[in-house]
Amino acid sequence: MGKSIRNYLILLGLVVVVMAFMVFSNDKEVDWRMTYNARSKQPYGLYIFGEELKHFFTKEVSKVSYTPYEYLIKNQKKDTYNYIFTEEDIDEVSLEKILSEVKQGSQALFLNTSYHVNDTLGIAADEAYYVEDQEVQLVTSSYNERVDLTLKGRHSFDRIDYFTILDKNRDKALGYIYYSDEGKIRKKINFVEVPFGRGKFFIHLGPPIVFTNYYLKEEPKARKYASTILSYLPKDNKTIWFDSSLGSTSSSEFLSFVMSQPALMTAWRLMLLGFLFYLIFKGKRQQRIIPVIEKPKNTTIEFAQSVSSLYYQEGDASDLVQKKITYFLDNVRGKYYLDTQEINEAFAQRLHNKSGRDKQLVDKIVACISQFESTHQANESTLTDLDKWIGEFWNYNN
């Protein structure tokens with residue numbers, strides 16, 4: 001190694017140490033502002049929501065930053081679509097286009113308050129401020145647990161919206177919001193289904209806190225809540241998400257953002273200085289490139305997905321029921337030390353006494369197992385019921 005290269009490396013090393021110290025000595029403050037920005041990775045942004053959308057639909061999911069009117073004028077649609085909105089309100093000309101689309105059979109999901117939509121559909125909403133202990137709950141049988149929306153970060157209070165006027169003969173309440181007001185727990189409707197022509201409007205009043213990065217990442221119940229709401233939209237439709245913050249960032253805006261952040265600005269200057277030294281002292285590598293050996297990938301999830309897809313395609317409910325029974329009885333033997341050779345009423349009574357589970361629930365499981373062992377045949381209904389009962393058995397009083 002030449003003397004000039006050695007001096008260059010020493011000088012560059014000192015610069016890196018000094019600049020790194022400056023970077024890591026800065027306090028990293030989390031931005032807890034409630035921006036609901038579609039591109040933001042901060043706690044109250046919607047980046048994760050946008051990334052997960054594609055997993056809920058079998059067809060293309062498009063993200064559009066301009067208005068529905070501009071988009072639909074340029075792209076005439078013949079098929080039915082799913083339209084998703086996360087910003088407050090919508091301009092009148094865009095709403096006219098969406099009304100026409102829904103009337104023809106498309107579906108529109110609003111995840112924030114839109115007074116233009118409410119007025120057009122003949123419904124009304126009100127709002128409450130400085131509320132605490134917020135919870136939301138869906139009324140669907142597939143998921144109806146309450147989701148705690150206690151605010152994180154620097155916010156102690158927030159605004160909530162709820163419906164006050166609905167058409168009882170037309171509209172269907174799908175969800176509620178609970179909040180504390182002067183020591184009393186209030187329950188209000190915040191999610192409704194409104195039929196319109198051949199399509200439907202699904203309106204979830206804002207703000208869309210439950211769909212933000214923090215809750216989708218940290219709260220399993222919030223993830224289930226969000227996925228259940230999205231399940232109201234046909235998964236075989238193409239989906240379009242409208243949000244103006246989805247627009248691309250120009251180079252000038254990028255540099256402005258970098259220079260506004262002390263840590264990013266320091267890193268930017270370090271990169272430029274290092275590149276300058278590289279050009280001055282040496283323009284080519286002196287050492288053979290060392291190949292990168294990647295770590296073995298964990299393909300467990302892909303394997304599980306492949307196996308589950310195989311079972312789904314085969315449609316063999318009897319085989320799945322057999323496995324459910326086998327695993328259930330194995331767990332019973334391991335946890336309660338019961339003999340599972342004979343599945344009868346005596347076994348049901350012993351299992352009830354040992355486990356403390358509801359007798360009717362135990363009887364249904366034992367009867368289902370006995371029926372299957374005698375016929376070795378099962379349909380999808382039997383599989384669904386058995387899965388539900390076994391789940392209730394192990395999650396009893398949890």
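Just so we're clear, the structure is a prediction, and the values are computed from it rather than from any experiment.
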[atom1] ([X]) with more than 12 external heavy atoms under 6.0 Å:
X	atom1	answer
K41	NZ	no
K238	NZ	no
K200	NZ	no
Y69	OH	no
Q349	CD	yes

(message) Between L53 and I84, is the side chain to side chain contact (heavy atoms under 4.5 Å, CB included) condition met? List the steps.
(response) CA-CA 10 Å; L53 269 182; I84 299 177; 3.9 Å; yes
Taking all heavy atoms of [X] and all of [Y], pick out the closest pair and write down the distance.
X	Y	answer
L386	K324	CD2-CB, 4.1 Å
Y215	A222	O-CB, 3.6 Å
R170	L121	NH2-O, 2.7 Å
Y36	P207	OH-CB, 3.3 Å
L338	L351	CD1-CA, 3.7 Å
S106	D79	OG-O, 4.4 Å

If you measure from [atom1] on [X] to [atom2] on [Y], what distance do you get to the nearest 0.5 Å?
X	Y	atom1	atom2	result
T239	Q107	OG1	CD	10.5 Å
L138	E145	CG	CD	11.0 Å
S114	I90	OG	CD1	6.0 Å
L216	S227	CG	OG	9.5 Å
R39	L46	CZ	CG	13.0 Å
T212	F49	OG1	CZ	11.0 Å

State yes or no: do [X] and [Y] share one hydrophobic cluster built from I, L, V, M, F, W and Y residues joined by side-chain heavy-atom distances below 4.5 Å, directly or via other members?
X	Y	result
F163	V117	yes
L329	F372	yes
I229	V102	no

(message) Which residue in the set Y176, Y143, Y178 passes side-chain hydrogen bond (donor to acceptor under 3.5 Å, both in side chains) when paired with Q137?
(response)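 Per the side-chain hydrogen bond (donor to acceptor under 3.5 Å, both in side chains) rule, the option paired with Q137 is Y178, out of Y176, Y143, Y178.
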(request) Please confirm whether F191 and Y232 have ring centers closer than 6.0 angstrom. (result) yes
(request) Establish, yes or no, whether a centroid distance under 6.0 Å links the rings of F393 and F328. (result) yes
Assess the side chains of [X] and [Y]: does a donor N or O sit below 3.5 Å from an acceptor N or O?
X	Y	value
E101	Y81	no
S244	E87	yes
Q322	T326	yes
E127	Y129	yes
D126	T164	no
N379	T382	yes

(message) Looking at R333 and D330, is there a salt bridge between them, counting it only when a charged N and a carboxylate O are closer than 4.0 Å?
(response) yes
(message) With a 4.0 Å cut-off on N to O distance, would you call K63 and E51 a salt bridge?
(response) yes
(request) Kindly say whether Y179 contributes a backbone atom to a donor-acceptor pair with the side chain of R186 at under 3.5 angstrom? (result) no
(message) Taking L111's backbone N and O only, do any of them form a donor-acceptor pair with T86's side chain (distance below 3.5 Å, no angle check)?
(response) no
(request) Establish, yes or no, whether the cationic atom of K74 lies under 6.0 Å from the six-membered ring centre of Y66 and within 45° of the ring axis. (result)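 Yes - K74 lies over the ring of Y66, closer than 6.0 Å to its centre and within 45° of its axis.
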(message) Show me the pairs that pass ring pair (Phe, Tyr, Trp, His ring centres under 6.0 Å) and involve residues 98-117, at least two apart or across chains.
(response) F85-F110
(request) With salt bridge (charged side-chain N to carboxylate O under 4.0 Å, His left out) as the test, would you mind laying out the steps for K184 and D181 before giving the verdict? (result) CA-CA 5 Å; K184 296 182 179 180; D181 180 24; over 6 Å; no
(request) Could you give me the CA-CA distance, side-chain angles and deciding distance for S94 and Y71, then say whether side chain to side chain contact (heavy atoms under 4.5 Å, CB included) is met? (result) CA-CA 9 Å; S94 293; Y71 178 81; over 6 Å; no
(message) Do L320 and D387 have side chains that approach each other closer than 4.5 Å (heavy atoms only, starting at C-beta)?
(response)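 No. Closest side-chain heavy atoms not under 4.5 Å.
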(request) Hey, can you tell me if F201 and F196 have their rings parallel, tilted or perpendicular (30° and 60° cut-offs)? (result) perpendicular
(message) Tell me whether the rings of W32 and Y44 are parallel (<30°), tilted (30 to 60°) or perpendicular (>60°).
(response) perpendicular
(request) Applying salt bridge (charged side-chain N to carboxylate O under 4.0 Å, His left out), run through D148 and R146 and close with a yes or a no. (result) CA-CA 6 Å; D148 183 14; R146 292 192 186 184; over 6 Å; no
